[in-house]
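Numbering of residues begins at 1 and proceeds along the displayed sequence. Order of listing sets the numbers, starting from 1, for every ligand and every atom in it.
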Amino acid sequence: MARPSKTPKNIILIGFMGSGKSSIARELSHTLGYPAVDTDGLIVERAGRPIREIFEQEGEDTFRDLESTTLRKLEESRPSRHIIATGGGVIGRPENCSILRRLGFVVWLVVSAEEIIKRTSKSRERPLLNNNDQRGTIDRLLLERHDLYRNTAHQAIETDGLTFPEITAGILESARYFFAG
Ligand code: S3P
């Protein structure tokens, strides 16, 4: 897992909806004192409306274009010592995956379908899960995305049964190793 020279010292979190990216980003930010950035948050800022509305009014393709533009701009701003949380579908475009790997140490928070259901079923803010077959949608997307997450991440962390501080400690240990390489 050697680090290509000059990779900035950011930690990037990828993973399915409900995998805990935002919560872990907050923990890492708190522990390291690095600012946390959330690509979904940047998209909402740029668009001036919630993700649910972007999907409803303009569709998923427009959202994906905004997501790619946001990532490009984030890379242009040359962040260093940041924690970057991403939307679950960011790995759908190869150019996004290349940017993520150039930005720093990419960690995949692996989570089971059962845990995802528990964490996402009450929210209506995730347009891809706003249907009456949430479990079927989750299973299909997990299958479609599995290799994309795996190939983009420098490190995968199984999160089921672990507390956020335990996951954070694991990430910090791997990051130290990665950045020392
Ligand atoms: C999406 C995940 C969401 C958000 C959008 C699409 C996806 O982010 O980007 O609703 O395709 O998995 P979270 O993973 O933070 O829920």
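Ser98 contributes atom OG, which lies 13.0 Å from atom CZ of Arg93 (distance to the nearest 0.5 angstrom).
Under the 30°/60° scheme for interplanar angles, the aromatic rings of His154 and Phe105 are found to lie parallel.
Contact shell of ligand 1 (protein heavy atoms, cutoff 4.0 Å): Met17, Lys21, Asp40, Ile51, Phe63, Arg64, Gly87, Gly88, Gly89, Arg126, Pro127, Leu128, Arg145.
For the pairing with Val90, the side-chain contact (heavy atoms from CB on, under 4.5 Å) check across Ile99, Thr152, Asn96 returns one residue only, Asn96.
Looking only at distances, no side-chain donor or acceptor of Arg52 sits under 3.5 Å from a matching main-chain atom of Pro50.
Residues Thr120 and Gly18 approach most closely at CG2-CA, 4.0 Å, considering heavy atoms.
Residues Leu13 and Trp108 form no side-chain contact, since every pair of their non-hydrogen atoms from C-beta on lies 4.5 Å or further apart.
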